[in-house]
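Structure, as structure tokens:
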Amino acid sequence: MIRIGMSTSAVYPLPTEQAFRLARLAGFDGVEVMVTKDEITQDADALLALSERYELPILSIHAPVLLLTAFVWGRDPRVKLRKSAELAKAVGADTVVVHPPFRWQAEYARDFLRIVREISTEYEVQIAIENMFPWKVGGKNLKAYSPGPDPSIMDCDAMTLDFSHASLSGRDSLELAMAMGDRLRHVHLCDGSGSMDEGKVFDEHLLPGHGSEPVAEVLEYLVGQGWHGSVVAEVNTRRAKTMQERFELLKETLVFAQDCLKVAPRKPFGWHGPHYEHLGMFRRASRRAITALRPSSR
């Protein structure tokens with residue numbers, strides 16, 4: 001079964017609970033938690049409480065590998081990966097997403113694949129290495145990752161395909177998916193409009209269908225292959241001016257995935273505007289008032 005999830009990073013910088021709320025409103029099947037400085041993203045009990053409250057399973061954990069999370073869980077990347085796997089097991093997620101090591105993490109890079117396999121076995125979760133992209137400084141390519149940004153050439157067991165990263169690398173996502181083969185276990189759903197060689201600088205994470213990557217073809221290819229895994233929306237919605245607008249962007253992403261994957265829509269919560277959360281409180285207060293007015297039976 002293919003599950004369609006939403007990354008908490010898709011609503012950055014909103015709080016983690018807002019991510020669960022919007023994912024439930026839109027009708028996603030589950031959530032990927034990006035571990036950040038937000039302590040909730042590091043706390044299994046807090047995440048399980050949100051999972052129960054919004055009736056959404058936690059599908060995956062994204063290890064804190066960004067420069068913005070350099071000091072989350074210390075500075076040792078091995079500790080970060082181990083804690084991510086421990087968190088995934090505690091919340092029932094079957095996948096940890098991790099980036100290839102940075103070049104300056106020499107010792108970690110040398111033992112990276114061994115560390116990944118050991119931690120994966122210890123915590124019984126799959127650790128899916130994500131495709132990244134080359135960096136350019138002053139117009140020159142910088143080898144930022146070791147052994148490189150493409151996990152398909154690594155001797156690893158599980159990989160994550162990210163369309164935006166593929167675009168920035170100048171890589172055709174369908175060709176990359178085929179190269180990953182049965183080691184492709186996880187997908188970050190997004191899009192990109194071009195490569196660094198074409199003058200692009202930023203990792204765009206556009207809505208699928210808004211860029212130039214063959215996103216629909218890849219999803220349809222996966223269906224044809226009988227693929228099982230999670231397709232997680234990791235789109236940029238920061239330009240949304242209102243909560244309603246952000247919701248519509250997420251909903252469009254979900255519908256795109258459902259159409260391509262031939263997945264029946266999950267019945268979502270209705271959208272009630274910014275004050276919908278107060279309705280339940282008012283209904284409960286009304287019921288208590290009515291009960292208080294009834295004559296007691298003796």
Side-chain angles (χ1 to χ4, degrees), residues 2 4-7 9-10 32 34 60 62-63 65-67 95-103 112 126-136 141-225 227 229-237 249 252-254 256-257 259-261:
I2 298 177
I4 306 173
M6 190 196 87
S7 171
S9 67
E32 174 172 299
M34 170 73 81
S60 45
H62 196 310
V65 291
L66 304 175
L67 292 177
T95 301
V96 172
V97 178
V98 67
H99 294 177
F102 288 116
R103 178 179 53 82
F112 178 60
Q126 62 181 2
I127 299 177
I129 304 170
E130 185 173 3
N131 64 296
M132 297 304 292
F133 46 83
W135 290 12
K136 277 195 173 183
N141 287 329
L142 173 67
K143 187 180 178 183
Y145 299 98
S146 179
D150 182 3
S152 70
I153 63 174
M154 299 180 193
D155 181 25
C156 59
D157 301 319
M159 288 176 277
T160 295
L161 170 62
D162 185 295
F163 291 98
S164 181
H165 297 171
S167 178
L168 204 53
S169 300
R171 192 79 182 269
D172 181 281
S173 297
L174 182 57
E175 183 272 328
L176 180 55
M178 291 178 174
M180 289 179 170
D182 59 8
R183 296 184 296 165
L184 173 56
R185 306 292 176 80
H186 197 72
V187 172
H188 277 165
L189 180 61
C190 49
D191 208 338
S193 63
S195 69
M196 285 188 171
D197 289 338
E198 296 170 320
K200 297 294 179 179
V201 178
F202 299 109
D203 185 14
E204 298 172 294
H205 284 268
L206 303 174
L207 269 62
H210 288 237
S212 56
E213 285 294 311
V215 183
E217 290 89 336
V218 171
L219 298 185
E220 291 162 2
Y221 166 76
L222 293 178
V223 172
Q225 294 295 305
W227 185 80
S230 296
V231 174
V232 172
E234 197 182 62
V235 293
N236 186 345
T237 65
L249 295 174
E252 179 183 337
T253 302
L254 174 61
F256 181 99
D259 288 345
C260 294
L261 295 169

Kindly give the heavy-atom pair with the smallest separation between [X] and [Y], and that separation in Å.
X	Y	result
G194	S212	N-OG, 4.0 Å
A63	M34	O-SD, 4.4 Å
V232	S60	CG2-OG, 4.3 Å
V223	C260	CG2-O, 4.0 Å
L261	V231	CD1-CG2, 4.0 Å
R171	S152	NH2-OG, 4.1 Å

Side-chain heavy-atom pair [X], [Y] within 4.5 angstrom cut-off:
X	Y	answer
L161	V218	yes
F112	V98	yes
V97	H186	yes
V187	L222	yes
L206	F163	no
C190	D162	yes
S7	H188	no
P100	I129	yes

Is there a donor-acceptor pair closer than 3.5 Å between any side-chain N or O of [X] and the backbone N or O of [Y]?
X	Y	result
N131	D150	no
T237	A10	yes
E204	S193	yes
R185	D182	yes
Q126	A158	no

task = Please work out whether the ring planes of Y145 and F133 are parallel, tilted or perpendicular, with thresholds of 30° and 60°.
result =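 It falls in the perpendicular class, over 60°.
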Hey, could you give me the [atom1]/[atom2] distance between [X] and [Y], rounded to the nearest 0.5 Å?
X	Y	atom1	atom2	answer
E217	S173	CD	OG	10.0 Å
R183	M154	CZ	CE	10.0 Å
K143	R103	NZ	CZ	8.0 Å
M178	L184	CE	CG	12.0 Å
L207	F256	CG	CZ	9.5 Å

query = Stepwise, does the side chain to side chain donor-acceptor pair (under 3.5 Å) test hold for T160 with E130?
reply = CA-CA 4 Å; T160 295; E130 185 173 3; 5.7 Å; no
query = What residues form a ring-ring contact (aromatic ring centres under 6.0 Å, His included) with H205, not counting sequence neighbours?
reply = H165
